[in-house]
Amino acid sequence: MNLKRLLNDRIAAALEASLGEAAPAVVQSAARPEFGDYQANGVMGAAKRLKRNPREVAADVVARADLAGIAARCEIAGPGFLNVTLDDGFLATSLATSAPVEAAPEPETVVVDYSCPNLAKEMHVGHLRSTIIGDAMARVLEALGHTVIRQNHVGDWGTQFGMLLTFLDETGADSELLSDLETFYREAKKRFDADVDFADRSRRAVVGLQRGDPEIRRRWQRFIDISLSHCQEIYDRLGTTLRPEHVMAESAYNDDLDAVIADLDAAGLLEESQGARCVFLDEFKGKDGETLPLIVQKSDGGYLYATTDLAAVRYRARRLEADRVMYFTDARQALHFRQVFAVAGRAGFARDGMSLEHHPFGAMLGTDGKPFKTRAGEVVKLIQLLDEAEERALAEVTRRNPELPEAERREIARVIGIGAVKYADLSKNRTSDYVFDWDQMLSFDGNTAPYLLYAYSRIRSVFRRGEVDEDALTGDVLLAAPEEHTLAVTLLRLQETLESVAADGFPHLLCGYLYELAVQFMRFYEACPILTAEGDVRASRLLLCRRTAETLKTGLNLLGIETVERM
RNA sequence: GCGCCCGUAGCUCAGCUGGAUAGAGCGUUGGCCUCCGGAGCCAAAGGUCAGAGGUUCGAAUCCUCUCGGGCGCGCCA
């Protein structure tokens with residue numbers, strides 16, 4: 001049940017009948033409680049355009065609108081707003097008959113490109129946002145019935161591997177441990193920057209890798225295996241849906257790269273510049289107003305990430321038959337993706353009508369406003385971050401509920417800690433940087449995971465306390481108190497929220513919704529006794545509790561956050 | 001230099017195709033426990049929406065400029 005769309009359709013139809021032409025109804029949830037549940041703002045704009053009196057148009061629209069059985073009231077207010085209050089019987093029936101989440105009528109095939117760590121290093125905080133936001137988006141799209149194809153475009157193919165392999169080769173260093181390999185990487189990088197000959201040998205190793213030199217490939221593969229298993233550990237710990245089969249590494253496109261170059265050439269897009277092969281598009285200007293190249297092949301023959309990204313678009317269009325590709329990567333790559341998308345379009349790599357979307361986000365900052373680092377100034381590894389989240393949560397749970405068995409406290413702390421980190425990230429819209437603040441994300445007040453988990457566990461507690469078999473609840477929801485009415489409307493707004501999340505790629509809309517739901521539930525809880533009520537009223541309130549708990553759990557799970565029965 | 005993103009309360013953030021008196025949380029101040037978890041609820045104080053123009057019946061939202069911050073701009077990803 002998408003209330004907003006239902007009202008939009010009905011009012012838009014009345015508006016069209018009244019005006020003789022189509023006009024948007026512009027329905028949104030009411031700005032203030034006294035304006036009802038929803039408001040339609042479209043009359044004023046339409047009346048203005050046709051030089052009609054907005055109040056008269058509004059009156060006509062109200063008369064024509066088919067809202068019988070849906071709205072209890074539809075009133076004209078101010079210069080021509082329509083304020084709609086939904087009918088309690090309609091709300092009760094909708095709660096009883098509509099599924100909490102309904103599938104989209106026209107499902108799409110959506111590729112979600114996310115996480116994408118660089119396999120030369122351990123996963124660090126820089127990978128968190130893409131992984132968490134992308135995973136939530138994949139879950140939401142799937143819940144709406146879309147065919148989601150997760151693609152973890154891991155970096156396993158660049159210059160960095162050349163330098164790493166060359167370093168290992170020349171120093172005889174060896175290890176099975178990723179942390180050691182990371183140390184090697186840092187030292188290799190130092191040499192790469194300082195020693196021109198070493199850099200040269202490294203680049204040749206990349207070319208050897210890309211041409212399939214068996215010995216180089218063997219050593220490379222071993223390294224990749226270690227690194228990927230580390231990533232999978234993190235994914236499991238984070239509770240993401242990413243699995244090994246979602247890995248579609250840069251190297252997987254190796255055999256397509258020659259064809260990409262050939263296609264670009266055939267399309268007349270390829271130009272040679274300073275020995276490198278590039279695509280120049282007029283709309284991209286760099287320094288001094290010169291056209292910016294997208295370099296697709298280096299002067300030494302090596303390929304770059306632009307090449308693999310183009311190959312990926314081609315693959316996703318032709319093999320995966322994607323209608324839509326959503327990239328969740330940091331904002332610094334915005335220009336790169338604009339170029340890749342534009343070139344892919346010109347070269348015919350994308351399908352007609354295929355939507356290529358970069359959903360950017362900023363860097364994580366500490367509370368001091370500077371990039372989030374350890375005290376020693378190093379990048380924070382994800383494993384450290386998750387350990388600390390659970391430790392902090394455990395201390396808090398132990399302080400508040402020392403009587404719980406330790407195993408349960410640890411499990412609760414795990415859910416709260418991981419959930420808090422994920423929720424803090426998911427609940428912010430910022431395309432620019434965001435501030436990572438332990439105290440705020442672990443606070444039990446405000447728009448945080450702990451508050452939502454608390455709201456959920458408190459409802460569960462009602463059922464335990466009342467010894468109520470929730471599966472046996474029957475009867476109708478009765479909406480008498482204003483808190484009950486508002487809670488019912490809020491419960492039914494899940495669908496429209498999820499559809500907005502899917503359309504815009506903004507999980508924070510779901511966070512905002514869940515917080516609003518929790519707040520409305522708490523108001524209901526304060527105002528309306530549940531277990532001490534009698535008969536139909538008690539049953540009705542328990543039904544509201546059950547639906548609220550289900551909705552909170554569904555919503556949190558779509559964000560990739562678990563719930564606990566008590567905390 | 002050019003380009004992209006951003007600037008909303010002391011702090012962290014919302015503000016949905018332009019709409020009614022710009023909203024939350026934290027923090028501050030003050031209420032509410034014979035009642036289902038006080039990890040809660042209610043209320044108050046707090047904003048020239050960076051600034052200046054413009055479009056509009058109506059602008060935090062759209063346009064232009066200025067200031068401030070972040071990022072990007074040829075062989076890294």
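All values below were derived from every heavy atom in this structure, side-chain atoms included, with hydrogens, water molecules and symmetry-related copies excluded.
Proximity of A/Q520 to A/E483: side-chain heavy atoms (C-beta onward) are nowhere separated by under 4.5 Å.
Anti is the conformation of B/rG31, whose glycosidic angle sits further than 90° from 0. Taking syn as a glycosidic angle within 90° of 0, B/rC33 qualifies as syn.
When the P atom of B/rG72 is taken as reference, atom CZ of A/F361 falls 15 Å away, rounded to whole Å. Taking atom CD of residue A/E496 and atom P of nucleotide B/rU17, one finds them 14 Å apart after rounding to whole Å. Residue A/E272 contributes atom CD, which lies 16 Å from atom P of B/rC75 at whole-angstrom precision. Rounded to whole Å, atom C1' of B/rC5 lies 18 Å from atom NE2 of A/H336. If you take CD1 of A/I459 and C1' of B/rC36, they are 12 Å apart, rounded to a whole angstrom. Spacing between atom CD of A/Q339 and atom P of B/rC75 amounts to 13 Å, rounded to whole angstrom units. As a whole-Å value, the separation of A/Q440 CD from B/rA24 P is 17 Å. The distance from atom CG of A/L542 to atom C1' of B/rC36 is 10 Å, rounded to the nearest whole Å.
A/R460 and A/E470 are joined by a salt bridge, as a carboxylate oxygen and a charged side-chain nitrogen come within less than 4.0 angstrom of each other. By the 4.0 Å N-to-carboxylate-O rule, A/R399 lies close enough to A/E396 to be salt-bridged with it. With respect to the salt-bridge test (charged N to carboxylate O, under 4.0 angstrom), the residues A/E56 and A/R52 do not qualify. Look at A/D300 and A/R203 and you find no salt bridge, because none of the NZ, NE, NH1 or NH2 atoms lies under 4.0 Å from a carboxylate O.
Across B/rA43 and B/rU34, the matching C1' atoms stand 25 Å from one another, rounded to whole Å. Look at the C1' atom in both B/rG72 and B/rC63: the space between them is 25 Å, to the nearest Å.
When the side-chain nitrogen and oxygen atoms of A/N8 are compared with OP1 and OP2 of B/rU17, none of them lie within a distance under 4.0 Å. In this model, the phosphate group of B/rG37 is approached by a side-chain N or O of A/S461 to a distance below 4.0 Å at OP1 or OP2. OP1 or OP2 of B/rC5 has not a single side-chain nitrogen or oxygen of A/R332 nearer than 4.0 Å. Taking only side-chain nitrogens and oxygens, A/Y451 never comes nearer than 4.0 Å to OP1 or OP2 of B/rG37. For B/rG15, one of the phosphate oxygens OP1 or OP2 lies less than 4.0 angstrom from a side-chain nitrogen or oxygen of A/H508. OP1 or OP2 of B/rU12 has not a single side-chain nitrogen or oxygen of A/R430 nearer than 4.0 Å. For A/R32, no side-chain nitrogen or oxygen approaches OP1 or OP2 of B/rA20 to under 4.0 Å.
Taking only distance into account, the side chain of A/S432 never meets the base of B/rG70 through a donor-acceptor pair shorter than 3.5 Å. Interface remark: the A/K298 side chain does not form any donor-acceptor pair with the B/rC76 base, using a distance-only criterion of under 3.5 Å. For a distance-only test at 3.5 Å, the side chain of A/Y454 fails to qualify as a donor-acceptor partner of the base of B/rA39. One cannot find a donor-acceptor pair under 3.5 Å joining the base of B/rA77 and the side-chain atoms of A/D330.
The nearest heavy atom of RNA chain B to A/L82 and to A/V435 marks one nucleotide each, and the one closer to the 5' end goes with A/V435. Nearer the 5' end of RNA chain B, as judged by each residue's closest nucleotide, is the contact made by A/R465, out of A/R465 and A/Y305.
Across all strands shown, B/rU28 is found opposite B/rA44 as a Watson-Crick or G-U wobble partner, with both distances under 3.5 Å.
The structure places NZ of A/K422 at 10.5 Å from CG of A/L556, a figure rounded to the nearest 0.5 Å.
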